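Below, all heavy atoms of this structure are taken into account, side chains as well, without hydrogens, waters or symmetry copies. Throughout, a chain's letter reflects where its sequence line sits, starting with A, and its residues are numbered from 1. Keep in mind that this is a model prediction, so the values were computed, not measured.
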Protein chains: 2
Amino acid sequence: MARLPVYQRILEELLRSGTSTVSSELLGAAAQVNAAKVRKDLSLLGSFGTRGAGYDVAFLVEQIDRQLGLDREWTVVIAGIGNLGRALARSQGFAARNFTVAALIDTDPAIIGERIDGIDVRHPDDLPSIVADTSLSIGVITTPAPVAQRVADLLVDAGVRSLLNFAPRVLDVPPGVLLRYVDLSMELQVMSFYQARQLDAGPDARMPRIRSIGRTPAGPS
Amino acid sequence: MARLPVYQRILEELLRSGTSTVSSELLGAAAQVNAAKVRKDLSLLGSFGTRGAGYDVAFLVEQIDRQLGLDREWTVVIAGIGNLGRALARSQGFAARNFTVAALIDTDPAIIGERIDGIDVRHPDDLPSIVADTSLSIGVITTPAPVAQRVADLLVDAGVRSLLNFAPRVLDVPPGVLLRYVDLSMELQVMSFYQARQLDAGPDARMPRIRSIGRTPAGPS
DNA sequence: GTGTGTGAACTTGTTCACAGCG
DNA sequence: CGCTGTGAACAAGTTCACACAC
């Protein structure tokens, strides 16, 4: 369910502010969704609420974590240590619960060997030996567009089964590899679309943008 | 329609590769959506295809641009010139067609005055005078989470009506202001969700994550 | 009384299948 | 003959409304 991470973010902030219990109405208001929707969503995971009282925040976070597969550790490799890669390597998002940056990759000799947040930048050729130590779950591509496909192939060869692509390039990956795009230009386009039309913000769906598993068929011969 | 920017990205790559015409089947394959869906989507904008032949790529790009509100210039202000802000300021995404970075904002005296990609970093206090020159359409928040809300308020006060928030914080904005989140930790959570369940990538929807216009009601008193 | 959990009505979005144009 | 455009069938997701647990 695509709204779970949104709830999670809100619940975490509630936790930080010391709130221990929350109603579907409140959660819905913060997530900008209907209260009934919140209840439906949460009831799919089980009956976690207390009638008349609401949901226990800490317990809920834990349950959602389990649903999101956050009850295990995910190792992340960042490929392309430019401005963006550096930003991500140091960012809170990756330092977050259950995600560890396990490797940084770049081809530039001037960058290789640099230490960012305790991790050494290494050459793509080292990928096999890196994987020998720790298997890598998620690859983050922050390279220039022209080399994004090549980097994706390398990561997939190294056994990475999920790719998060920040490069403005449509990538082709083998079946079974999960591919997701975060694209600045697309984000801006969506904003201009809604703003240009003075729209009511469109559907409240927020998360989905998953693209793959399964083949992007090659063009015609 | 949330899939338009996806089509746009693919069409641009087709243009670059010299393809002048494309079928709904091909476009659908690249965008990972059903061919019928592509036709439905495009037919909502008008009848642009040629039966038996397909769509003219260049013409289609132009039509979609118009739908996305990209027939005018959008000015972007980036608030928070850390690693991420710098990356975005220099990034291709913002250099793209119809988006111009018009201002960079930070409070750090060590950063103010620095020139990035031809734009001077200025203090938030200068916002009014900046707006006097060029009105700002879209605000991009790349500050640390704790100050994100304050920055959002400042931008809104300066007349910015659309916010793209990279800070891991739920923001509250007045009605009528469009708010959109790009959140690393959420992106990762979605990946882990799908990978943990070996899911088929879920719904092919990709873009929507629009959050606002309309009030985030304040909590109970 | 308050707020969850859930069947049932409704709305939205997707897919099918095919008529008709180039 | 290939491929678009589109009504009609279908599926998914959303909202309503209310019984019931606390």
Any B:Asn34 side-chain nitrogen or oxygen under 4.0 Å from OP1 or OP2 of C:dC16: yes
Base of D:dT15 paired with side chain of A:Lys40 (donor-acceptor, under 3.5 Å): yes
Does a donor on one side chain sit under 3.5 Å from an acceptor on the other, for B:Asp65 and B:Gln8? yes
Side-chain heavy atoms of A:Arg169 within contact of A:Gln149, under 4.5 Å: no
note: B:Lys37, atom NZ; D:dA11, atom C1'; distance rounded to Å ~ 12 Å
Check: A:Thr75/A:Ser137 side-chain N/O donor and acceptor closer than 3.5 Å: yes
Can you measure B:Leu26 atom CG to D:dG2 atom C1' for me and round it to whole angstrom units? 14 Å
Separation of atom CG in A:Leu45 from atom C1' in C:dT4, rounded to whole Å: 14 Å
Minimum-distance pair of heavy atoms, taken over all atoms of A:Trp74 and B:Ala196: CH2-N, 4.0 Å
Short side-chain N/O contact to C:dG5 OP1/OP2 from A:Tyr55, under 4.0 Å: yes
So if I apply the side chain to side chain contact (heavy atoms under 4.5 Å, CB included) rule between B:Leu163 and each of B:Val151, B:Leu178, B:Val156, which one comes out positive? B:Val156
For atom CG of A:Leu42 and atom P of C:dG3, their distance in whole Å: 16 Å
At under 4.0 Å, does any side-chain N or O of B:Arg3 touch on OP1 or OP2 of C:dT14? yes
Take the protein atom CZ of B:Arg39 and the nucleotide atom P of C:dC18, then report the distance between them rounded to whole Å. 13 Å
For B:Leu44 and D:dG5, what is the distance between atoms CG and P respectively, to the nearest whole Å? 11 Å
Closest-nucleotide ordering on DNA chain D, the 5'-leading residue of A:Gly52 and A:Asp41: A:Asp41
From CZ of B:Arg51 over to C1' of D:dG5, roughly how many Å is that when rounded to an integer? 5 Å
Is the shortest side-chain N/O distance from B:Ser24 to OP1 or OP2 of D:dT4 below 4.0 Å? yes
Between C:dT14 atom P and B:Gln32 atom CD, what is the distance in whole Å? 15 Å
